[in-house]
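This report refers to the structure that appears directly beneath it.
As a basis for the values below, the full set of heavy atoms in this structure was taken, side chains included, without hydrogen atoms, waters or symmetry mates.
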Amino acid sequence: MAVWLGAVLVLTSGMVACDQETEPRTSSDGGRPRNVRPECTGAARLDDECRDRIRPPIALVYLEGTALVTEDLRGRSREFTDLTTEDVAASASGRHVAYVTGSPPTLNLFTPATDSRVPLGPGIDPVWSQIDNRLAWLQPTKPCEGETCVPEGKVVAQEIGVGEERVLLESGTWRILGWAGSSLHVADPSQPEQVLSVPGDGAGRPTEM
């Protein structure tokens, strides 16, 4: 099974493949391309970030054990980076990779293009949004060991390379379900019938869905 997520194809095997289209799809009325953000049209298309959204690189990012493999499908070249963990989450473009190491767990950010690794602090369960640089995770506030343990923590988010981390929800037994546009969907296992929609920028109150 495969699912399209923005400009990438997410495969159930844990791979992330970039869209192989060379030109953006055009809407039926001849207007803005359907797979490009409004700010990525006109003169803004010259910007590197926007150019990547319009013509994503053809590459595959996946794990082999604890090794992150970046494979260029045009030249069939492969690069390996050992992250020493299988708890890994790649952003939509594969430009950033979040991974969890150690005990107590530490969330780290790896950027394949520059080979840089930056610790983001305590964290588990990283989830990227379709907006490539936006990351949410659970920041533990209570030690948790064993398979039956339910971790407690704050829900935090950060736009990588743009700003500081923001606390979206104070400590609780939260589970991050995923992003929906600019909002984060979060649930509490103790109240399975309730799902909260939380503004990803930290502005505004969570709303019950």
Side-chain angles (χ1 to χ4, degrees), residues 3-19 49 52-53 56-57 59-71 79-141 143-144 151-169 171-172 174-187 198-202:
V3 180
W4 283 103
L5 182 62
V8 299
L9 181 65
V10 179
L11 309 176
T12 54
S13 60
M15 301 179 181
V16 177
C18 292
D19 190 347
E49 181 78 14
D52 283 348
R53 292 180 183 273
L60 196 66
V61 180
Y62 58 95
L63 279 177
E64 284 188 359
T66 62
L68 182 73
V69 182
T70 306
E71 185 168 353
E79 296 181 10
F80 295 83
T81 303
D82 190 2
L83 298 178
T84 69
T85 178
E86 295 183 1
D87 194 351
V88 175
S91 66
S93 69
R95 181 173 301 187
H96 304 294
V97 178
Y99 63 102
V100 179
T101 58
S103 180
T106 298
L107 182 66
N108 306 273
L109 182 71
F110 172 60
T111 305
T114 60
D115 198 35
S116 68
R117 304 183 190 214
V118 179
L120 298 179
I124 58 175
D125 301 337
V127 179
W128 291 95
S129 77
Q130 298 91 330
I131 303 173
D132 194 50
N133 67 337
R134 185 170 291 176
L135 177 67
W137 67 93
L138 191 68
Q139 191 176 82
T141 56
C144 189
E152 293 185 15
K154 300 177 183 180
V155 177
V156 299
Q158 182 176 351
E159 290 189 49
I160 303 301
V162 176
E164 300 294 327
E165 68 179 52
R166 302 176 300 276
V167 176
L168 304 185
L169 290 172
S171 185
W174 304 113
R175 291 292 178 274
I176 301 175
L177 304 179
W179 290 87
S182 60
S183 296
L184 190 67
H185 288 178
V186 179
V198 186
D201 59 4

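Shortest non-hydrogen contact noted between Ile176 and Ala136 is CD1-C, 4.2 Å. Listed here is the closest heavy atom pair of Lys154 and Ser171: CG-N, 3.8 Å. Scanning all heavy atoms of the two residues, the minimum distance from Leu168 to Pro199 falls at CD2-O, 3.6 Å.
Formation of a donor-acceptor pair under 3.5 Å by the Arg166 side chain with backbone atoms of Gly200 is found in this model. Between the side chain of Trp179 and the main chain of Val127, a donor-acceptor pair closer than 3.5 Å is present. The closest donor-acceptor contact from the side chain of Ser91 to the backbone of His96 lies under 3.5 Å. When atom types are taken as modelled, the side chain of Trp174 and the backbone of Leu138 share no donor-acceptor pair closer than 3.5 angstrom. Although no hydrogens or angles enter the test, the distance criterion places a donor-acceptor pair under 3.5 Å between the side chain of Thr85 and the main chain of Asp87.
The side-chain heavy atoms of Asp125 and Trp137, taken from C-beta on, include no pair separated by under 4.5 Å. Looking only at side-chain heavy atoms (C-beta outward), Phe110 and Leu83 come within less than 4.5 Å of each other. Using a 4.5 Å heavy-atom cutoff, the side chains of Val162 and Asn133 are in contact. Proximity of Val155 to Val198: side-chain heavy atoms (C-beta onward) are nowhere separated by under 4.5 Å. Taking the side chain as every heavy atom from C-beta outward, Pro126 and Leu107 approach each other to under 4.5 Å.
Listed by chain and residue number, nothing satisfies the side chain to side chain donor-acceptor pair (under 3.5 Å) test with Thr106 (two or more places apart in sequence, or in another chain). Take Glu64 and apply the side chain to side chain donor-acceptor pair (under 3.5 Å) test, not counting sequence neighbours, and it matches Arg78. When the side chain to side chain donor-acceptor pair (under 3.5 Å) test is applied to Thr101, the partners found at least two apart in sequence or on another chain are Asn108. Judged as a side chain to side chain donor-acceptor pair (under 3.5 Å), and not counting sequence neighbours, Arg175 has no contacts.
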For residues 113-124, which side-chain donor-acceptor pairs fall under 3.5 Å, sequence neighbours excluded?
{"unit_1": "Thr114", "atom_1": "OG1", "unit_2": "Ser116", "atom_2": "OG", "d": "3.1"}
{"unit_1": "Arg117", "atom_1": "NH1", "unit_2": "Asp82", "atom_2": "O", "d": "3.4"}

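Annotation: salt bridge (charged side-chain N to carboxylate O under 4.0 Å, His left out) contacts involving residues 155-165, sequence neighbours excluded, comprise Arg134-Glu159.
For the residue pair Tyr62/Glu71, the side-chain donor-acceptor check at 3.5 Å is satisfied.
Here the CZ atom belonging to Phe80 is positioned 11.5 Å from the OG1 atom belonging to Thr66, to the nearest 0.5 angstrom.
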Determine, stepwise, if the pair Trp128 / Ile160 fulfils side chain to side chain contact (heavy atoms under 4.5 Å, CB included). CA-CA 11 Å; Trp128 291 95; Ile160 303 301; 3.9 Å; yes

